[in-house]
Amino acid sequence: VVHNLIATGLPRALVQTGQRIVNDELDHAELSHGVWRALGGVGEVDVDVSRLTPPAGPPLLLLAEDVLRAFCVGETVAVPLFAAMREGAQHPAVVPVLERILRDEAVHRAFGWDALEALLALDPAGVPPFMARRLPEALAGCRRAYVLPHGTQTRLTAEERGAGLIDLDEYESIVEACLRESVLPRFARLGITPEP
């Protein structure tokens, strides 16, 4: 994202926020690993680096896709999800981490919408139809990530809730409400409605 911000010539303030987001996400990974250990996790987390191959294409379209999926949808949904996690969290190793992540996610959400507006200003003829075509799959991908088939629910214990976990049905209701009440209206205000 930072590379494509530079390659498309977007404002330096966006590039600097993009760099901040990289550092935030590295911090979040380290903090989350610390929480996992504090809650009894052992060993290391394996990462399949073969899945990290960047896509090829024009920088503007790659950036538009990332802004759409990761920020305008993903980070916008992340804010109410982390707020719900923080609301029930009580474990002393968890609370400050969720508070930090929640603060950062608000910055990441704002970055996405600011970057989208900059992309619209850069290419007002090309970006809106691109977003309209890609928005349905971005919404579906978000739902696939957070909404599981009914009947897969396992009720959380008080200890799990105290560690910041929320029920799967809470994930679904928060995601659907955020998409309906925040994400889609924000796109609509910019003249972008998802293609059928």
Side-chain angles (χ1 to χ4, degrees), residues 1 5 10 14 17-18 21 24-25 28 32 55 60-89 94-95 97-156 160-161 163-196:
V1 169
L5 286 166
L10 290 189
L14 286 173
T17 303
I21 291 169
D24 288 347
E25 296 297 351
H28 297 177
S32 297
L60 188 138
L61 294 183
L62 293 173
L63 179 60
E65 183 76 24
D66 285 336
V67 164
L68 169 64
R69 287 178 181 272
F71 296 97
C72 293
V73 175
E75 297 286 6
T76 300
V77 167
V79 172
L81 285 173
F82 277 107
M85 291 177 210
R86 170 55 192 99
E87 186 176 317
V94 173
V95 171
V97 172
L98 286 175
E99 288 174 349
R100 161 73 193 276
I101 292 173
L102 184 56
R103 279 192 312 273
D104 293 343
E105 296 305 293
V107 172
H108 304 177
R109 173 185 60 193
F111 165 83
W113 295 102
D114 291 345
L116 175 56
E117 288 188 16
L119 286 167
L120 290 169
L122 183 66
D123 186 1
V127 171
F130 175 83
M131 291 289 181
R133 282 191 308 274
R134 302 301 299 147
L135 186 52
E137 178 52 34
L139 299 173
C142 181
R143 288 182 174 111
R144 280 193 303 273
Y146 293 113
V147 178
L148 295 177
H150 292 287
T152 59
Q153 179 65 271
T154 301
R155 292 291 165 204
L156 297 175
E160 290 168 329
R161 283 194 169 279
L165 298 180
I166 58 175
D167 288 322
L168 297 177
D169 59 349
E170 290 176 85
Y171 269 100
E172 180 176 2
S173 65
I174 292 166
V175 167
E176 291 299 337
C178 184
L179 294 177
R180 182 180 61 252
E181 298 166 13
S182 181
V183 172
L184 288 171
R186 287 184 87 159
F187 276 111
R189 283 193 295 276
L190 295 169
I192 299 168
T193 54
E195 286 186 358

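Positions are given from 1, in the same order as the sequence printed here. Since we're looking at a predicted model, the values are computed, not measured.
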Distance-only donor-acceptor pairs under 3.5 Å for side chains of residues 115-129, two or more places apart:
{"from": "Asp123", "atom 1": "OD1", "to": "Gly126", "atom 2": "N", "distance (Å)": "2.9"}

Give me the ring orientation class for Tyr146 and Tyr171: parallel if the planes are under 30° apart, tilted from 30 to 60°, perpendicular past 60°.
parallel
Supply the atom-to-atom distance Leu135 CG to Leu184 CG, rounded to the nearest 0.5 angstrom.
6.0 Å
Under the 3.5 angstrom rule, does the side chain of Ser182 hit a backbone N or O of Leu179 as a donor-acceptor pair?
no
I would like to know whether Ile21 and Val1 meet side-chain contact (heavy atoms from CB on, under 4.5 Å); could you show each step before the answer?
CA-CA 10 Å; Ile21 291 169; Val1 169; over 6 Å; no
Residues in side-chain hydrogen bond (donor to acceptor under 3.5 Å, both in side chains) contact with Glu181, at least two apart in sequence or another chain:
none
Heavy atoms of Leu98 and Gly164 approach each other most closely as CD1-CA, 4.1 Å
Starting from the C-alpha separation in whole Å, work towards a yes-or-no answer on side-chain contact (heavy atoms from CB on, under 4.5 Å) for Leu139 and Phe187.
CA-CA 12 Å; Leu139 299 173; Phe187 276 111; over 6 Å; no
Show the nearest heavy-atom pair for residues Thr76 and Cys72, with the distance to one decimal.
OG1-O, 2.8 Å
Over all atoms of both residues, closest heavy-atom pair of Phe130 and Ala64
CE2-CB, 3.6 Å
The complete set of salt bridge (charged side-chain N to carboxylate O under 4.0 Å, His left out) pairs with one or both residues in residues 125-138, sequence neighbours excluded, reads Glu65-Arg134, Glu137-Arg144
Could you list all the side chain to side chain donor-acceptor pair (under 3.5 Å) pairs where at least one residue sits in residues 185-196, not counting sequence neighbours?
none
Check whether any side-chain heavy atom of Arg161 sits under 4.5 Å from a side-chain heavy atom of Asp167, and report yes or no.
yes
Qualifying salt bridge (charged side-chain N to carboxylate O under 4.0 Å, His left out) pairs, either residue in residues 100-114, two or more places apart
Arg20-Asp104, Asp24-Arg100, Asp27-Arg100, Arg100-Asp104
Say you draw a straight line from CG of Leu68 to CG of Leu63; how long is it, rounded to the nearest 0.5 Å?
11.0 Å
Does the side chain of Val183 come within less than 4.5 Å of Cys142's, by heavy atoms?
no
Do Phe111 and Leu5 have side-chain heavy atoms sitting under 4.5 Å apart?
yes
With sequence neighbours left out, which residue pairs that include part of residues 78-87 fulfil the salt bridge (charged side-chain N to carboxylate O under 4.0 Å, His left out) condition?
Arg86-Glu99
Answer yes or no: is there a side-chain heavy-atom contact under 4.5 Å between Cys178 and Val79?
no
Note: Ile174 and Pro80 closest approach over all heavy atoms is CG2-CB, 3.7 Å
